[in-house]
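Positions are given from 1 along the sequence. Order of appearance sets the numbers: ligands from 1, and atoms from 1 within every ligand.
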Amino acid sequence: MTQLFVGTFIDTPSAGELRIRSDHLLAISPEGYISHLAPLHSDSSQLLLSSLPTSTIPTEIPPHSFFLPSFTDLHLHAPQYLFNGTGLDLPLLEWLERYAYKAEERIDGSRELAERVYERLVRRLLDNGTGCVSFFGSIGVESNLILAKKMQELGLRGFIGKLSMDQSPRPTYGESSASSSLQSIAQFLDSLESYLSTYPSHERLVQPIITPRFIPVCSDELLVGLQKLAKQRDVRIQSHMCEGRDQMDMVMKRGKRDHEYWDELGFLGPKTLQAHVTYLDEEMIPLVKDRQVTMAHCPLSNAYLSEKQFPLREAIDNSLSVGLGTDIAGGYSPSIQTQMRQAVIISRMREGARCESMNCSFAESAHKEGAGNHLKVDWKESLYLATRGGKKGMGLGGCFEVGMEFDAQLIELANKDTPTGTGALDLFDLTSDTKLDDDSWTENLERWWCVGDERNRKGMWVQGRKVA
Ligand code: GUN
Ligand code: FE
């Protein structure tokens, strides 16, 4: 059945552009796609309303609530939720061996544990406004299928990367050869396809993504095989690229810089997602742009595990494809809202360092001759990355346009019983007859962006279905 909503719809069609549509009518097709979006009093909306059975009644969004596209998390290690928030004082490679590989091994060793951890994770993500995720799983086929089932059942969209790694430093957790690793990924692709075939195509929320963990744990034979498989089966690819010094040094010992290694093996293309890329520089930008690689910026994780911070301002200015990632458990917060804030904070710290290096203040830098471009990113740009930016990179929608999947969150700023604001937002005085114009929506939205939380989220929809 067609669903109808009337009220305010806010999205970010491009970086920095905030689109506020009040008094609009949105229709969702029975398959979960947006089939109409126009002012309520327009001819097209009135025509639509008159053509539908009178039993199709629009749901009115209350005056100080709005629909926003749900968030997309482009990088999250699902099994690492088991030890999330542990040991982040360690350097990356030590942290992987002390915690990450062990946790993944435990998940692969217990069906019951995988069910428990993945169910909690999926619920937590939906509570936090995340409706689409690109997951790194573990090596085991079975536990990745458990994750797929939880996503289908609880209504989370996303990509599942069964890990491929035939050069693991941990004797009890790894794949014994390139050929057994390739067999295992083929088995995963087949099993997932067969599981999903029980759903009609618009209800299939999960896709596989081929996932060599990172170059240091993969042989050339495995990498070549995975690249071929991705082409043959037309499956997306994800990995880690240029995350930190030790990891890049390990690749250098094999004769090339990390990004060159990936590129020579044919891994960099429009269906490739690379996490971190904190060492993105002037030399790498044209390559990443030309190959149309999407990057997952994981600002909280990078602050702990990377020596360098991702040059987000430069990436946006060069129109590179970027979204946000939590990198659980490299970043401890499952919230993309936290990542938006962290991305802005890091950009401002980079700008502060730039000003200091020129011996001038923020204010002076705007007028200083030869100062070049600033490095700050603002909240609207971060909202784009969290919604449209991440989704676009994965071939999906991410804003409210006819034809896009309806993946949305309903956010309440205030309601008639609490006009001062909902949750941590006790900043307003919005009586139910206060009508917000675009400027006041923008101001209030920024306040929600800064201090809002789960209490403001009154519902989540994925593919038109209410899931939380
Ligand atoms: N590089 C390879 N594996 C990992 C991982 O699990 N987390 C992070 N942050 N980096 C990695
Ligand atoms: Fe990671």
Are any of the side-chain nitrogens in [X] or [Y] under 4.0 Å away from the carboxylate oxygens of its partner?
{"X": "Glu401", "Y": "Arg19", "value": "yes"}
{"X": "Glu243", "Y": "Lys308", "value": "no"}
{"X": "Glu115", "Y": "Lys149", "value": "no"}
{"X": "Arg123", "Y": "Glu119", "value": "yes"}

Original post:
Considering residues at least two apart in sequence or located in another chain, which fulfil the side chain to side chain donor-acceptor pair (under 3.5 Å) criterion with Thr12?
Top reply: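 So Thr12 forms a side chain to side chain donor-acceptor pair (under 3.5 Å) with Thr387.
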
Original post:
Between Tyr173 and Met165, is any pair of side-chain heavy atoms under 4.5 Å apart?
Top reply: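 A side-chain contact exists here, since the closest heavy-atom pair is under 4.5 Å.
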
Subject >> salt bridge (charged side-chain N to carboxylate O under 4.0 Å, His left out) pairs, two or more places apart, involving residues 169-178 >> reply: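 Sorted pair list: Glu105-Arg170, Lys162-Glu175.
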
Original post:
For Glu221, does the CD atom have more than 12 heavy-atom neighbours from other residues, nucleotides or ligands under 6.0 Å away?
Top reply: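 Counting other residues, nucleotides and ligands, CD of Glu221 stays at 12 neighbours or fewer.
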
Original post:
Is it the case that more than 12 heavy atoms not belonging to Glu94 sit under 6.0 Å from its CD atom?
Top reply: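 Result for CD/Glu94: enclosed.
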
**OP:** Count, excluding waters, the protein N, O or S atoms that are closer to the Fe ion (ligand 2) than 2.8 Å.
**Re:**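 There are 4 of them.
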
**OP:** List, ordered by chain and residue number, the protein residues whose closest non-hydrogen atom lies under 4.0 Å from any atom of ligand 1.
**Re:**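 Around ligand 1, where the cutoff is 4.0 Å for heavy atoms, the contacting residues are His77, Gln80, Leu92, Trp95, Leu96, Arg213, Phe214, His240, Glu243, His276, Leu305, Asp327.
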
